Engineer: 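Quick one: the structure is below, questions incoming.
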Amino acid sequence: MDKAYSPQEIETRWYDTWEKNGNFVPSGKGDPYCIMIPPPNVTGTLHMGHAFQDTIMDALTRYHRMLGMNTLWQPGTDHAGIATQMVVERQLNAQGLSRQDLGREAFVDKVWEWKEESGDTISRQLRRMGSSVDWKRERFTMDAGLSAAVQEVFIRLFKEGLIYRGKRLVNWDPVLHTALSDLEVLSQEEDGHLWHLRYPIEGSDQTLTVATTRPETMLGDTAVAVHPADERYLHLVGKQVRLPLCDRLIPIVADDYVDPEFGSGCVKITPAHDVNDYEIGKRHDLEIINILTDDAAINDAAPAAYRGMDRFDARKKVVEDLDQLGLLERVDEHKLMVPRGDRSGSVVEPYLTDQWYVKVEPLAKEAIAAVETGKIRFVPENWSKTYYDWMHNIQDWCISRQLWWGHRIPAWYDEQGNIYVGSSEESIRAEHKLGGDISLRQDEDVLDTWFSSALWPFSTLGWPEQTDALKTWYPTSVLVTGFDIIFFWVARMIMMGLKFMGDVPFREVYIHGLIRDQDGQKMSKSKGNVLDPLDLIDGIDLDSLVAKRAAGLMQPHMAPKIEKATRRQFPDGIPAYGTDALRFTFAALATTGRDIRFDMGRIEGYRNFCNKLWNAARYVLMNTEDYDCGAQGKIELSLPDRWIRARLGQTIEEARKGFAGYRLDLAAQSIYEFTWHQFCDWYLELSKPILQSESTTDALRRGTRQTLIQVLEASLRLMHPIMPFITEEIWQRVAPLAGKTGASVMLQDYPCSEDFPDDADARAHMEWVMQFVLGIRQVRGEMDIPPNRQLPLLLQDASELDRQLWDSHGAYLQSLARLESVDFLEDDAEAPASATALLGNMKLLVPMAGLIDVAAERARLEKQVQRSEADLDKCERKLSDKRFVSNAPAEVVEKERQRTEMLRQELRHLAERLEKLAGISG
RNA sequence: AGGCGCGUAGCUCAGUGGUAGAGCACUACCUUGACAUGGUAGGGGUCGCCAGUUCAAUCCUGGCCGCGCCUACCA
């Protein structure tokens, strides 16, 4: 093995081998386990959120595969309607073309081209992350099978009356010219104004004052509303006002909706351009006057003066004109929530159009019950509350989009406007016996992207065909996703799954946090703080990183600022950390909290961990290859052998518990702690004297060699789900020595704690050994005695057990603590001036002659006295409290007593040593 | 407005009704035959604040402060 760990070389090699060997394909044996990848945008690229999510899914997949389950991780991509169409449109715009110039068919062809061109970026990146998905089953939401599923679902829902076409207010994006679902609209608080307008009361010289944040909509007002109990206005209800600028008479109505406390207590009602007003309009049978075009310009329903003006220009003009007429009472500064399209960023207008809707309430009912009855479990549990809140208030889902890229709605109209829904024009003609004389035209719209995503858990498995895959893996095991798409996706999959499969689409939903930058900022292109997971894996030099972050900014003036921040944070660019280090970092950060700050310090630490593992393996191989590891002769296990095996068993338990409870962070932590601080720091060091000393028996040597190789081999399996590449690379060398055969570690069994049972004696005795060594090291460290300086050591007040332990384990202790000589002193013998460490009652005395600074030793002991006294004080206070003694459990009290005794003894010893020192210096 | 989450070492985060932890950063010493991407030792925290429950609270309860997020039709 090379001296240094170099991830690139390893990682590129193994993935191809795995894929070629079909290692990602479900085994066909064991209980089914299945994860559906949340399909990324087909033309997108992998960002940190994906990389994080993919790490979790791959770790779970590999873990369950190693448990012997019939494991499928289903890959695929989403056509991402609006997003993809926008990208291609922008490309066209750059050539001075619009999609209308091309026409629908040519444009859609163009999008397919773009999809082919860029569509495998994501899969390449997934491969680089080590994702063990079954590529043979890769699906795309617009491929033939999934499109058929979409059509089938649409038709069935329509026939059941759960899909209908309706004219109502939708969220209209005037830039994209399409309707949006409520979820695709993001409301943000923005600074605006509240205009107070006066409307003259007909038959009176009085006016009514109404307040509005969108004065231009007054052109479409068809009433003014007041609260029915508002005495100020009660006498006016039933009368009319003369709408300024339009010169129309509109009624004054009373409606509970009005809050008499707000503004003037009078509300102008524009049923065509406000959802509340729309409802009021329905209640009072008001006229609905739409004053906007598709572009949100003023249309011909408005007075001529405003026609053709953009809505914001019209706003200015309306206000000016009202002011001129003396009808503008005042203008207040006002913060308001402005709804914007999540893709275009333009202000969305409530707009009256014909759209297709899914009637969700009946579907939602079942979906709520599925979570309430525990058929689906959210992890962490509290997300179910978010889910309920939304599901209980769910509105019908607008599924039609005025786009070209997507699943065309399978509905046809005849000239009378009758609607026919079916899989094709032919089938409709046949079904409804429509002759050739009747012309049909298909609905121009496509379906919301999330409509097809909602079918993902069964459409990818072949539905509506009753395939084996469907029978095997539906319901899937777990959905791994971010909280941001609980409503968009999770809830809708649950509804559709229950409806069409008669069962939940997944048994658990693991909701993970969002990856943020080191300052807690959301990573975004415009902030220039994006990290590309591949740059963390393969590294990137500073100039390339700066160029990447500054490229294609919406606001180019931010570039210098971004460059400066980037140069400050990464003065040397980003080194290549490798996939395993990145994955381990994600695993370690995968805590239950909501967001995750990505800390470069962590990935560096875990890269070092990989290097540590690499070198530990080198050491193990160096000492096992070409040696007898127990195959030929008798073996005997030393104390460290027994101890490390027991510790491994514990670690296996912890890792399994971590995976089972979606606590990859705890699994990673246990693995890290074990590998570095038990296996490397202690066990490998202890193995050296055993293997090197001439006095060890061959049986012991064989025992240690066998333990080295077996523990390493099992550890590799233990961490493989998180770090697939490095473990595979090492395992290939290690496995044969451990008596394991197999083509890949990924197809091995996950380690069992039964193979490494607990050994309480070994743990207790090792504790003694470790405390012994730590005591000496502490003296050495605090006295600044160089590590290579061999120390003489005297032992006093040793118990029978101490002597026994020394006899058995002294040899490697001597080496580990770097002792030159060790001698027992009689309990009553006069010890020379020494630095002292305590091990229970036994004193470890390092004679001071020429070694130790008396003042330093005194300072060291005094520090210990201080600590122990503080502890003792706490203990004594507790024990002297009668309530504690009588109320606390007996074992807690007893423990406290023992601790007190121990501390007292320690303090006596320390005092003794200090006295001795006083004798010397005095 | 409602809901949720967070506040623990300088930073990023675990954790527990009974002795507060890790990584990074910091200090000192050390290139010892796996590893300087390393080793050894060390410093550093009234666990956001205030009450309550308890023999005992960083942990449970309530309130407050600060931060973040989600949902919502106040013109």
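Throughout, protein chains are lettered first and strands after them, A, B, ... in sequence-line order, and every chain is numbered starting at 1. All figures in this text were calculated on a predicted structure; none of them were measured in a lab.
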Engineer: Given Watson-Crick or G-U pairs with both distances under 3.5 Å, what dot-bracket string fits RNA chain B, with | for other-strand pairs and [ ] for crossing?
Structural biologist: (((((((..((((....[..)))).(((((.......))))).....(((((..]....))))))))))))....

Engineer: Mind checking if A/L684 touches a base, just sugar-phosphate, or nothing, with heavy atoms under 4.0 Å?
Structural biologist: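 Since a base atom lies under 4.0 Å of A/L684, the category is base.
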
Engineer: Classify A/Q521 by what it touches in the nucleic acid, base, sugar-phosphate, or nothing, heavy-atom distance under 4.0 Å.
Structural biologist: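 It contacts nothing in the nucleic acid.
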
Engineer: Using a 4.0 Å heavy-atom cut-off, does A/C680 contact any base of the nucleic acid, only the sugar-phosphate backbone, or nothing at all?
Structural biologist: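 Counting heavy atoms under 4.0 Å across all strands, the contact made by A/C680 includes a base.
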
Engineer: With sugar-phosphate meaning primed atoms plus P, OP1 and OP2, does A/R597 contact a base, only sugar-phosphate, or nothing at under 4.0 Å between heavy atoms?
Structural biologist: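 The residue A/R597 makes sugar-phosphate contact but no base contact.
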
Engineer: Take atom NZ of A/K522 and atom P of B/rC69, then tell me their distance rounded to the nearest Å.
Structural biologist: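 One finds 9 Å between P of B/rC69 and NZ of A/K522, rounded.
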
Engineer: Would the A/W383 and A/F378 ring centres measure less than 6.0 Å apart?
Structural biologist: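 Distance test on ring centres: not under 6.0 Å, no.
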
Engineer: Taking side chain to side chain donor-acceptor pair (under 3.5 Å) as the definition, give me every residue that meets it alongside A/D230, ordered by chain and number, with sequence neighbours left out.
Structural biologist: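 In terms of side chain to side chain donor-acceptor pair (under 3.5 Å), with neighbours along the sequence ignored, A/D230 is linked to A/R232.
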
Engineer: Does anything in residues 883-893 of chain A pair up under salt bridge (charged side-chain N to carboxylate O under 4.0 Å, His left out), and if so which pairs, sequence neighbours excluded?
Structural biologist: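 Those involving residues 883-893 of chain A are A/D881-A/R883.
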
Engineer: Name the pairs: protein N/O against N/O of nucleotides 55-59 of chain B, kept only if under 3.5 Å.
Structural biologist:
residue	atom	partner	partner atom	Å
B/rC55	O4'	A/R883	O	3.3
B/rC55	O4'	A/N887	ND2	3.0

Engineer: Let me know the distance between CD of A/E654 and P of B/rA22, rounded to the nearest Å.
Structural biologist: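 My rounded result for the distance is 16 Å.
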
Engineer: Specify the residues of residues 896-907 of chain A, ordered by number, for which at least one heavy atom lies under 4.0 angstrom from an atom of RNA chain B.
Structural biologist: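 Here the set is A/R899.
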
Engineer: Can you say whether the rings of A/Y662 and A/Y510 are parallel (under 30°), tilted (30 to 60°) or perpendicular (over 60°)?
Structural biologist: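 A/Y662 and A/Y510: parallel rings.
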
Engineer: For nucleotides B/rU54 and B/rG2, find the distance between their C1' atoms and express it as a whole number of Å.
Structural biologist: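 One C1' to the other, the span is 34 Å.
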
Engineer: Nucleotides 72-75 of chain B: which of its N/O atoms have a protein N/O under 3.5 Å away?
Structural biologist:
residue	atom	partner	partner atom	Å
B/rC73	O2'	A/N276	ND2	2.7
B/rC73	N1	A/N276	OD1	3.3
B/rC73	O2	A/N276	OD1	2.6
B/rC73	O2	A/N276	ND2	3.3
B/rC74	O2	A/D259	OD2	3.4
B/rC74	N3	A/D259	OD2	3.3
B/rA75	O2'	A/A211	O	2.7
B/rA75	N6	A/D259	O	2.5
B/rA75	N6	A/F262	O	2.7
B/rA75	N1	A/D259	N	3.1

Engineer: Where each residue is assigned the nucleotide of RNA chain B containing its nearest heavy atom, which of A/K385 and A/E685 is assigned the position nearer the 5′ end?
Structural biologist: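 Nearest nucleotide further toward 5': that of A/K385.
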
Engineer: Which residues pass the salt bridge (Lys or Arg N to Asp or Glu O under 4.0 Å) test with A/D873, not counting sequence neighbours?
Structural biologist: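 Expected list: A/R877.
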
Engineer: Side-chain N or O of A/T386 less than 4.0 angstrom from OP1 or OP2 on B/rC70?
Structural biologist: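 False: A/T386 side-chain N/O out of range (4.0 Å or more) of B/rC70 OP1/OP2.
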
Engineer: Check this for me, if you would: do A/R597 and A/D599 make a salt bridge, where the nitrogen-to-carboxylate-oxygen distance has to be below 4.0 angstrom?
Structural biologist: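 A salt bridge is absent here (no side-chain N lies under 4.0 Å from a carboxylate O).
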
Engineer: Taking only N/O atoms, report every protein-nucleotides 37-43 of chain B pair under 3.5 Å with atom names and distance.
Structural biologist:
residue	atom	partner	partner atom	Å
B/rU37	O4'	A/N608	OD1	3.1
B/rU37	O2'	A/N611	ND2	2.6
B/rU37	O2	A/R607	NE	3.3
B/rG38	OP1	A/N608	ND2	2.9
B/rG38	O3'	A/K612	NZ	3.1
B/rG39	OP1	A/K612	NZ	3.1
B/rG39	OP1	A/W676	NE1	2.6
B/rG42	OP1	A/Q778	NE2	3.0
B/rG43	OP1	A/R867	NH2	2.6

Engineer: Is there a side-chain contact between A/N171 and A/S181, using heavy atoms and a 4.5 Å cut-off?
Structural biologist: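 No; the side chains remain at least 4.5 Å from each other.
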
Engineer: Check the distance between B/rC69's C1' and A/F487's CZ and give it to me in whole angstrom.
Structural biologist: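 Distance check: A/F487 CZ to B/rC69 C1' gives 12 Å.
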
Engineer: Sticking with atom P, work out how far B/rA14 lies from B/rG48, rounded to a whole angstrom.
Structural biologist: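 That atom pair is separated by 14 Å.
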
Engineer: For the ring pair A/F586 and A/F598, is the centre-to-centre distance below 6.0 Å?
Structural biologist: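 Yes: the rings meet the under 6.0 Å criterion.
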
Engineer: Is it the case that atom CD in A/E820 sees more than 12 heavy atoms from other parts of the structure closer than 6.0 Å?
Structural biologist: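 Yes.
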
Engineer: If the plane angle is over 60° it's perpendicular, under 30° parallel, otherwise tilted; pick one for A/F674 and A/F679.
Structural biologist: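 Rings of A/F674 and A/F679: parallel, under 30°.
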
Engineer: Which whole number of Å gives the distance between the P atom of B/rC69 and that of B/rC59?
Structural biologist: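 After rounding to an integer number of Å, I get 27 Å for this pair.
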
Engineer: When the C1' atoms of B/rA28 and B/rC64 are compared, how many Å lie between them, rounded to an integer?
Structural biologist: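 Taking atom C1' in both B/rC64 and B/rA28, they lie 45 Å apart.
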
Engineer: Just the rounded figure in Å: distance from C1' of B/rC13 to CD1 of A/I515.
Structural biologist: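 So the two atoms are 13 Å apart, to the nearest Å.
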
Engineer: Starting at the 5' end of RNA chain B and moving along, which residue's nearest nucleotide shows up first, A/K688 or A/L589?
Structural biologist: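 Residue closer to the 5' terminus by nearest nucleotide: A/L589.
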
Engineer: Under 4.0 angstrom, heavy atoms only, what part of the nucleic acid is A/R663 near: base, sugar-phosphate, or nothing?
Structural biologist: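 Answer is sugar-phosphate: A/R663 comes under 4.0 Å of backbone atoms only.
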
Engineer: Between the side chains of A/N615 and A/N611, does any donor sit under 3.5 Å from an acceptor?
Structural biologist: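 Looking only at side-chain atoms, A/N611 and A/N615 do form a donor-acceptor pair, the distance falling under 3.5 Å.
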
Engineer: I'd like to check the salt bridge (Lys or Arg N to Asp or Glu O under 4.0 Å) partners of A/R198; sequence neighbours left out, ordered by chain and number.
Structural biologist: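 Residues passing salt bridge (Lys or Arg N to Asp or Glu O under 4.0 Å) with A/R198: A/E329.
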
Engineer: Tell me, which pairs form a salt bridge (charged side-chain N to carboxylate O under 4.0 Å, His left out) where one or both residues lie in residues 670-689 of chain A, sequence neighbours left out?
Structural biologist: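 Passing the test, one end in residues 670-689 of chain A: A/E685-A/K688.
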
Engineer: Applying side-chain contact (heavy atoms from CB on, under 4.5 Å), can you list everything that pairs with A/D396, at least two apart in sequence or on another chain?
Structural biologist: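 Partners of A/D396 by the side-chain contact (heavy atoms from CB on, under 4.5 Å) criterion, ordered by chain and then number, come out as A/Y164, A/R168, A/Y357, A/K359, A/V360.
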
Engineer: Take the protein atom CZ of A/R516 and the nucleotide atom C1' of B/rG68, then report the distance between them rounded to whole Å.
Structural biologist: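 After rounding, the reported distance stands at 7 Å.
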
Engineer: For B/rG44 versus B/rG5, give the span between their C1' atoms, rounded off to a whole number of Å.
Structural biologist: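 Between the two C1' atoms, the distance is 29 Å.
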
Engineer: What I want to check is whether the side chains of A/H196 and A/D332 have a donor and an acceptor closer together than 3.5 Å.
Structural biologist: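 Yes, because at least one side-chain N or O of A/H196 sits under 3.5 Å from a partner of the opposite role on A/D332.
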
Engineer: Enumerate donor-acceptor pairs with a distance under 3.5 Å from any side-chain N or O in residues 892-901 of chain A to protein atoms, sequence neighbours excluded.
Structural biologist:
residue	atom	partner	partner atom	Å
A/E894	OE2	A/Q898	NE2	3.4
A/T900	OG1	A/E896	O	2.6

Engineer: Mind checking if A/F598 touches a base, just sugar-phosphate, or nothing, with heavy atoms under 4.0 Å?
Structural biologist: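 If one applies the 4.0 Å heavy-atom cut-off, A/F598 turns out to touch nothing in the nucleic acid.
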
Engineer: Describe, in one word, how the ring planes of A/Y672 and A/F584 are oriented to each other, choosing from parallel (under 30°), tilted (30 to 60°) and perpendicular (over 60°).
Structural biologist: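 The rings of A/Y672 and A/F584 sit tilted, inter-plane angle from 30° to 60°.
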
Engineer: Side chain of A/R818, heavy atoms from C-beta onward: which of B/rU32, B/rU12, B/rA34 has the nearest atom to it?
Structural biologist: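 Nearest to the side-chain atoms of A/R818, counting from C-beta on, is B/rU32.
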
